[in-house]
Amino acid sequence: GGLVNDILGKPAFTAATEETEVDLYLQTTAELTGKPEGGTTAEVFAGAAWLGFKKCPPEVGPQLRIQYPDQPMDDRLLIGMEPIAGSDGDLYVFDVGRHGDDQWLSADCDYAGKVWDGNCRWVLFLLRHR
C-alpha cells in the first residue's frame, strides 16, 4: 500500500548489496520486557539487547513477506527494526501478516509512548552467515 511504498522510498530504508542469510528469532513483547501487559518500543529494544538480540535491517520486512508464503492464518509479526519516519512524520515498523487469503506487508505506527501488547510477536536477529 501507499504507506509501505512511502517507507520503502525513504533513505533510512536500506537493502544489502548482496544476498545475505540471517537467523531470525521470535519473541513476544512480554518476553522482551518482562512485563505481561507489554511495553514501549524502547523497552522492547532494551530487553532484546539485554538478551543478545539485534534489530533487523529494515529489508527483513519485505523479504520475510516474500519468503514466508506459508505463514499461519491470523498470524502477525512485527519487525524489530529501527523505526522509519514516513512522509507524515510518524515512525513506523514493518508488520508481516496473514488473514484468510490475504497476506500483507504493512507498517505499524510507533508513536511516542505507544505500549505494544504483551502478546505481540517481534522478529529479531542474531547472526549473519557468509
Side-chain angles (χ1 to χ4, degrees):
L3 184 54
V4 169
N5 288 334
D6 178 44
I7 291 170
L8 290 172
K10 297 296 179 197
F13 179 82
T14 58
T17 57
E18 60 186 55
E19 187 174 312
T20 305
E21 285 187 31
V22 293
D23 290 327
L24 301 176
Y25 295 86
L26 291 176
Q27 296 283 300
T28 65
T29 304
E31 290 169 332
L32 293 167
T33 64
K35 301 186 316 188
E37 68 276 11
T40 65
T41 304
E43 292 171 321
V44 165
F45 290 151
W50 188 81
L51 291 170
F53 293 108
K54 296 181 181 179
K55 294 176 191 170
C56 291
E59 70 183 288
V60 166
Q63 281 297 325
L64 186 59
R65 175 66 287 144
I66 292 166
Q67 296 181 34
Y68 194 22
D70 298 333
Q71 185 173 12
M73 191 68 64
D74 298 322
D75 187 44
R76 176 177 173 247
L77 304 172
L78 295 167
I79 305 302
M81 57 182 265
E82 191 63 40
I84 296 176
S87 293
D88 60 5
D90 291 334
L91 296 174
Y92 295 93
V93 296
F94 287 123
D95 177 345
V96 176
R98 179 176 181 198
H99 181 73
D101 290 335
D102 294 329
Q103 295 184 7
W104 69 86
L105 171 67
S106 63
D108 206 321
C109 189
D110 174 33
Y111 56 84
K114 178 175 183 162
V115 175
W116 300 96
D117 183 88
N119 294 319
C120 286
R121 294 186 315 146
W122 293 85
V123 176
L124 302 157
F125 84 103
L126 271 180
L127 304 173
R128 288 182 181 261
H129 297 284
R130 295 178 192 220

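Excluded from the calculations below are hydrogen atoms, water molecules and symmetry mates; all remaining heavy atoms, backbone and side chain alike, are included. FYI, the numbering just counts along the sequence from 1.
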task: Please lay out, stage by stage, how Leu24 and Tyr68 fare under the test side-chain contact (heavy atoms from CB on, under 4.5 Å).
output: CA-CA 12 Å; Leu24 301 176; Tyr68 194 22; over 6 Å; no
Quiz item: Quick one: are Val123 and Ile79 in side-chain contact, heavy atoms under 4.5 Å?
Solution: yes
Side-chain contact, heavy-atom cut-off 4.5 Å: Cys56 with Phe94?
no
Which of Lys10, Lys54, Lys55 passes salt bridge (charged side-chain N to carboxylate O under 4.0 Å, His left out) with Glu82? It is Lys55
Backbone of Leu105 reached by a side-chain donor or acceptor of Arg65 within 3.5 Å: no
CG of Leu78 to CG of Asp110, rounded to nearest 0.5 Å, is 10.0 Å
Residue pair Val4, Trp104: steps toward the side-chain contact (heavy atoms from CB on, under 4.5 Å) verdict: CA-CA 10 Å; Val4 169; Trp104 69 86; over 6 Å; no
For this session: Decide side-chain hydrogen bond (donor to acceptor under 3.5 Å, both in side chains) for Glu59 and Gln63; before the verdict, give the C-alpha distance in whole Å, the side-chain angles of both, and the deciding distance to 0.1 Å.
Result: CA-CA 6 Å; Glu59 70 183 288; Gln63 281 297 325; 5.5 Å; no
Would you check if the side chain of Thr29 reaches a backbone N or O of Gly39 as a donor-acceptor pair within less than 3.5 Å? no
Residue set satisfying side chain to side chain donor-acceptor pair (under 3.5 Å) with Asp88, at least two apart, ordered chain then number -> Tyr92
- [ ] Taking Gln71 for its side chain and Val96 for its backbone only, find out whether a donor-acceptor pair lies under 3.5 Å.
- [x] yes
d(Leu91 CG, Ile7 CD1) to nearest 0.5 Å is 9.5 Å
The reported gap from OH in Tyr25 to CG in Leu51 (rounded to nearest 0.5 angstrom) is 12.5 Å
Here the gap from Asp90 atom CG to Tyr111 atom OH, rounded to the nearest 0.5 Å, amounts to 11.0 Å
Arg76 meets the side chain to side chain donor-acceptor pair (under 3.5 Å) criterion, sequence neighbours left out, with Asp95, Asp108
Is there a continuous path of hydrophobic side-chain contacts, each under 4.5 Å between heavy atoms, that joins Val93 to Val115? no
Heavy-atom closest pair (Pro58 atom, Ala12 atom, distance to 0.1 Å) is CG-O, 3.8 Å
The reported gap from CG in Leu26 to CG in Asp75 (rounded to nearest 0.5 angstrom) is 8.0 Å
Heavy-atom nearest pair, Ala30 first then Pro36, reads CB-CA, 3.9 Å
When rounded to the nearest 0.5 Å, the distance separating CZ of Arg121 from CG of Leu32 is 12.5 Å
Report task. Let me see the working for Trp122 and Phe53 under side-chain contact (heavy atoms from CB on, under 4.5 Å), right down to the final yes or no. Result -> CA-CA 11 Å; Trp122 293 85; Phe53 293 108; over 6 Å; no
